Amino acid sequence: SQTIHQWPATLVQPVGSPLSLECTVEGTSNPNLYWYRQAAGRGLQLLFYSVGIGQISSEVPQNLSASRPQDRQFILSSKKLLLSDSGFYLCAWNTGFSGNTIYFGEGSWLTVV
Amino acid sequence: GQQLNQSPQSMFIQEGEDVSMNCTSSSIFNTWLWYKQEPGEGPVLLIALYKAGELTSNGRLTAQFGITRKDSFLNISASIPSDVGIYFCAGPLNAGGTSYGKLTFGQGTILTVHP
């Protein structure tokens with residue numbers, strides 16, 4: 001069966017510091033990968049998605065970037081964090097056979113102080 | 001992206017009561033998804049709907065894809081304390097198109113169940 005993992009689970013970073021959140025998927029090949037952000041425990045917003053290694057699309061302009069160095073690895077980064085980057089970041093995956101249905105990881109809490 | 005209006009925003013109910021929540025979109029959708037999120041965790045898929053009029057159950061949960069394709073409903077029967085959480089509806093970011101996992105979400109319904 002497929003599994004998805006994110007780390008770290010929680011992170012407290014000062015303003016201006018860099019960020020790296022990592023996500024890996026097991027049990028499937030060539031997944032579509034996504035980064036979503038959830039603010040204040042409410043609706044989720046799509047940040048980035050990737051259909052393959054090195055292929056990244058951004059949905060909203062922001063202070064963050066994403067990379068996909070390996071088939072099942074997705075990384076969310078920032079060179080200099082802003083207070084507004086605080087939130088719950090969720091990695092998700094699906095395949096071409098699951099249509100619009102996606103499956104989420106455990107999430108990473110980021111607090112920028 | 002499409003706007004989803006989910007209601008109610010929160011519900012406080014007694015154990016054993018039935019729950020109903022709904023979601024409407026400004027455009028026609030070809031997929032409706034319902035997720036549940038517990039504190040500090042990622043959302044978990046409850047039910048996926050792919051056809052107008054479709055009625056799908058998952059245990060005590062039942063969801064329907066509205067005939068107009070602009071709305072969906074989630075019902076929980078005989079609620080229990082472990083039903084507590086935030087319930088989200090979701091649909092394709094590009095309504096009616098091939099968004100393939102690019103989703104727009106409602107703002108969520110916070111469900112509290114009193115024993």
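As the structure is a prediction and not an experimental result, all values here were calculated from the model. A note on names: the letters A, B, ... follow the listed sequences, proteins ahead of strands, and every chain is numbered from 1. What you see below is based on every heavy atom in this structure, not just the backbone, and it leaves out hydrogens, waters and symmetry mates.
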Inset, instruction - Spell out, as yes or no, whether a donor-acceptor pair under 3.5 Å connects the side chain of A:Tyr36 to the backbone of B:Leu103. - result: yes
Legend entry - Contact check, side chains of A:Gln38 and B:Phe88, non-hydrogen atoms, under 4.5 Å: yes
Inset, instruction - Treat each ILVMFWY residue as a node, draw an edge where side-chain heavy atoms are under 4.5 Å apart, and state whether A:Tyr34 and A:Val60 are in one component. - result: yes
Inset, instruction - Under 4.5 Å between side-chain heavy atoms, chaining through other members, with only Ile, Leu, Val, Met, Phe, Trp and Tyr counted: pull out the rest of the cluster around A:Val113, sorted by chain and number. - result: A:Val12
Inset, instruction - Give a yes-or-no answer on whether the side chains of A:Thr101 and B:Tyr35 include a donor-acceptor pair shorter than 3.5 Å. - result: no
Legend entry - Verify same cluster id: B:Leu45, A:Ile4 (apolar side-chain graph, 4.5 Å): yes
Inset, instruction - Name the region of B:Gln9, side chain, backbone, both or neither, that has any atom closer than 4.5 Å to a heavy atom of chain A. - result: both
Inset, instruction - Would you indicate whether the side-chain heavy atoms of B:Lys102 and A:Glu59 approach each other to under 4.5 Å? - result: yes
Legend entry - Per-residue contacts, residues 18-25 of chain A versus chain B, heavy atoms under 4.5 Å: none
Legend entry - Point-to-point distance, once rounded to the nearest 0.5 Å, from CG of A:Leu46 to CZ of B:Phe105: 9.0 Å
Inset, instruction - Measure across B:Pro43 and A:Leu44 and return the closest heavy-atom pair with its distance rounded to 0.1 Å. - result: CG-CD2, 4.1 Å
Inset, instruction - Give the member of B:Gly106, B:Ala48, B:Gly40 that has the highest number of heavy-atom pairs under 4.5 Å with chain A. - result: B:Gly40
Legend entry - Same cluster (ILVMFWY, side-chain, under 4.5 Å), A:Phe104 and A:Leu110: yes
Inset, instruction - Indicate, with yes or no, if B:Phe73 and B:Leu49 share a hydrophobic cluster defined by side-chain heavy-atom contacts under 4.5 Å among Ile, Leu, Val, Met, Phe, Trp and Tyr. - result: no
Inset, instruction - List the atom of B:Gln37, the atom of A:Phe88, and the distance in Å for their closest heavy-atom pair. - result: NE2-CE2, 3.5 Å
Legend entry - Closest contact, heavy atoms only, A:Asn100 versus B:Pro92: ND2-CG, 3.6 Å
Inset, instruction - Report yes or no: do B:Tyr50 and B:Leu4 belong to one cluster of Ile/Leu/Val/Met/Phe/Trp/Tyr joined by side chain heavy-atom distances under 4.5 Å? - result: no
